[in-house]
Amino acid sequence: MANNKTKLELTWIGKENRPKLEPRILIEDPAKSHHAPFRTGKDDVFDNRLIFGDNLLALKALEQEFAGKINCIYIDPPYNTGSAFEHYDDGIEHSLWLSLMRDRLEILRQLLAKDGSIWINIDDIEGHYLKVLCDEVFGRPNFVANIVWQKRTSRENRAAVGSSHDDILVYAMCSPQAWKAVRNKLPANDSGYGNPDNDPRGKWRSIPFSAQGYRLNQMYDIITPTGVVLQPPKGRCWGATEPVFRQYRAENRVYFPKGGDGRPRIKQFAGEEEGLTPMTWWEASESGDNEEAKKEILELFPDQEPFSTPKPERLIHRIMTIATAPGDLVLDSFAGSGTTGAVAHKMGRRWIMVELGEHCHTHIIPRLKKVIDGEDKGGVSKAMDWKGGGGFRYYRLAPSLLQKDEFGNWVISKEYNPAMLAEAMCKLEGFTYAPSETVYWQHGHSTETDFIYVTTQTLTREQLLKLLDEVGESRSLLVMCGAFRVKNLDEFPNLTVKKIPKAVLNRCEWGKDDYSLEIQNLPVREEPLIGQVAVEAERGRRGRTKAERRAEAAEQPSLFDLPAQEKKP
């Protein structure tokens, strides 16, 4: 019998291999950033971020600044349907997908706030494996729910069994019970409300006036308008004490069905209900479907081909209604057509999106501009009474800090100016980049008394002595320089001196720009010749094939051909 304390983990080929990510800096391109020319209200948000580049490197770039600050993450990663894997067998494609997802999920976990949640859209191809992987990354006790979203209402006749739903895995950084205290309920819909007695207070619906269990002060007789004497249902008591019930009746809030003979019910007027607890089944009628999402994209871009499986704004709106409050920070690292940012913007949430594909420029930026300028009338715009406002900043990932020169030596990239280099070194050394306007050697800080100075100069002993004097005894300084001409660094007690790039050379995979899930970018395995598959399999097991071993044995001299003196007696 298995030990209950044994940690169960999903295993796959190459799981032990982890990339040594370079924490890149982000470079803003003001020409692609956009903001409204005016404020529509005090809650307008202008500092949203759209990042163009590999999403794993982008997440690493965000880690230092945003660790523990993201309230809600929604991602809709590639589903590993097999269309991108025609040159790989199932085991390889599955393992690659799991490794690439694991690397991203681990950083996403670091970014989540202590009461934050992550929502992952997936289908049945990898959904069950992803659930086990998420149990490992986020902790199985942190699993909240598996939402089943009806993405399709039409019948799919080409499939053996048509797919009509996606799964949305939900995990929280705290326990589900603790997360329940911070998540929101869904607003009640208008179904079931009416006004059959023309109550001047408006539409109402009735709710039962009974409760589970036995409470002595809630066990009493109620006489209906027709004179029927009623007692609480078996195993239950009335929903309140008798004085409270009399007050309800005096306020005309009690309804007796069945012509006055039925058990009492209480009028609940529209707007009085606290909200609905989210359930795991989300119908298309409530959350939209893929076809609705395609229409939303076509309304924005009538001349462009819509995405094959976009997500409707109502779906994202429903998630953010449950998981966030106005002003919260939302992240989507697989931005796609930009739905997450568009909905977050309309709902008054701050947002960060990452996208590597060119549709970042052809779809996301034009879409967000329409949202900000108040020209997007579709999706949830009407429900949110959206009129425009706010803005976003566009960033791209900086190139790798180090590159090889013509002699194969690692050197600082020529694309880095002094400010970029200082910011990059701050990120690599764990400092906050905050260059002083008055003190030349203060490029960043880790505490109020610990600073960093970055320069490509070769520092002399005299220059280091001057720095030591300016830093003083109560502060410390990390000096990152091109070189230094000092034999004994011990004479500078408050200075730590390191050479660039030697000090950081072994920390990262330099010069690698693509960790994407686009598996078709990987080298294609050459197809073996007919009959070679079995030969290679045989050679892989025994080192040589049976035919090769026979040929080799035939070339060896026979024991009977040896000279007589070499034969054994």
Side-chain angles (χ1 to χ4, degrees), residues 17-29 31 51-65 100 103 107 354 356 358 394-435 440-444 446 451-464 466-467 477-489 492 495-516 518 521-524:
N17 300 324
R18 294 174 181 269
K20 296 173 67 176
L21 300 173
E22 175 188 358
R24 304 278 183 95
I25 62 173
L26 299 172
I27 302 173
E28 183 182 359
D29 185 348
I51 303 171
F52 177 68
D54 179 89
N55 66 1
L56 185 57
L57 286 171
L59 290 175
K60 188 65 178 177
L62 294 169
E63 187 176 25
Q64 183 183 31
E65 182 179 356
L100 293 167
D103 296 338
I107 300 181
V354 181
L356 175 62
E358 187 55 32
Y394 172 95
Y395 294 87
R396 60 179 173 83
L397 283 170
S400 183
L401 174 63
L402 302 185
Q403 63 180 19
K404 285 188 176 181
D405 63 12
E406 62 271 25
F407 305 107
N409 300 314
W410 287 105
V411 296
I412 298 172
S413 170
K414 295 179 180 180
E415 297 186 51
Y416 274 70
N417 58 37
M420 292 170 61
L421 176 61
E423 184 178 357
M425 295 310 301
C426 282
K427 184 162 283 192
L428 282 163
E429 295 292 334
F431 284 72
T432 300
Y433 177 62
Y440 74 92
W441 49 265
Q442 290 185 8
H443 285 150
S446 62
F451 300 91
I452 184 173
Y453 171 47
V454 182
T455 178
T456 55
Q457 295 180 10
T458 298
L459 299 180
T460 64
R461 181 175 181 275
E462 289 71 24
Q463 289 173 307
L464 290 174
K466 183 182 177 182
L467 277 173
L477 179 67
L478 171 61
V479 181
M480 306 294 296
C481 60
F484 53 86
R485 296 175 181 171
V486 178
K487 292 183 178 180
N488 183 17
L489 291 174
F492 310 101
L495 304 184
T496 302
V497 186
K498 297 182 180 181
K499 292 182 181 181
I500 310 171
K502 182 179 179 181
V504 298
L505 194 55
N506 296 323
R507 295 190 188 177
C508 311
E509 295 175 322
W510 304 104
K512 185 169 182 178
D513 296 315
D514 187 5
Y515 293 88
S516 72
E518 297 296 327
N521 293 339
L522 295 175
V524 176

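Note that the coordinates shown come from a computational prediction; the quantities given were computed from them, not determined experimentally. Index from 1, following the sequence.
The side-chain hydrogen bond (donor to acceptor under 3.5 Å, both in side chains) analysis of residues 409-428, with sequence neighbours excluded, yields no pairs. Applying the salt bridge (Lys or Arg N to Asp or Glu O under 4.0 Å) definition to pairs two or more places apart or across chains, those involving residues 501-510 are Glu429-Arg507.
In terms of heavy atoms, His443 sits closest to Tyr453 at CE1-CD1, 3.7 Å. Closest non-hydrogen pair, Cys508 versus Leu428, comes out as SG-CD2, 4.0 Å. Between Ile107 and Leu56, the closest heavy-atom pair is CD1-CD1, 3.9 Å. Considering every non-hydrogen atom in both Ile51 and Ala58, the closest pair reads CG2-CB, 4.0 Å. The two residues Met425 and Ile452 have their closest heavy-atom pair at O-CD1, 4.1 Å. Nearest heavy-atom pair across Cys426 and Gly444 is SG-CA, 4.1 Å.
Considering only residues two or more places apart in sequence or on other chains, Arg396 meets the side chain to side chain donor-acceptor pair (under 3.5 Å) condition with none of them. With sequence neighbours left out, Asp513 forms a side chain to side chain contact (heavy atoms under 4.5 Å, CB included) with Arg24. Not counting sequence neighbours, the partners of Phe52 by the ring-ring contact (aromatic ring centres under 6.0 Å, His included) test are His361. Every residue two or more places apart in sequence or in another chain was checked for a side chain to side chain donor-acceptor pair (under 3.5 Å) with Thr455, and none qualifies. Residues passing the side chain to side chain donor-acceptor pair (under 3.5 Å) test with Arg485, sequence neighbours excluded: none. Contacts of Ser446 classified as side chain to side chain donor-acceptor pair (under 3.5 Å), with partners at least two apart in sequence or in another chain: Asp450.
By the 4.5 Å heavy-atom criterion applied to side chains, Met420 and Ile27 are counted as neighbours. Using a 4.5 Å heavy-atom threshold, the side chains of Glu22 and Ser400 count as touching. Lys498 has its side chain out of reach of Val504: every pair of non-hydrogen atoms, C-beta onward, lies at least 4.5 Å apart. Contact check for Gln457 versus Gln463: side-chain heavy atoms found under the 4.5 Å cut-off. Looking only at side-chain heavy atoms (C-beta outward), Val497 and Phe492 stay at 4.5 Å or farther from each other. In this structure, the side chains of Asp54 and Lys512 stay at 4.5 Å or more apart for every pair of heavy atoms. Residues Asp103 and Leu21 are not in side-chain contact: their nearest non-hydrogen atoms beyond the backbone lie 4.5 Å or more apart. Using a 4.5 Å heavy-atom threshold, the side chains of Ile25 and Tyr433 count as separate.
Residue Leu402 holds its CG atom at 7.0 Å from CD1 of Ile412, rounded to the nearest 0.5 Å. The distance from the CG atom of Leu478 to the OG1 atom of Thr496 is 6.0 Å, given to the nearest 0.5 Å. For the atom pair Leu62 CG and Tyr395 OH, the distance stands at 10.0 Å (nearest 0.5 Å). How far CG of Leu459 is from CG of Leu467: 7.0 Å, rounded to the nearest 0.5 Å.
Aromatic rings of Phe431 and Phe451 (six-membered ring for Trp) have centroids beyond the 6.0 Å cut-off, not under it.
Between the side chain of Trp510 and the backbone N or O of Leu505 there is at least one donor-acceptor pair closer than 3.5 Å.
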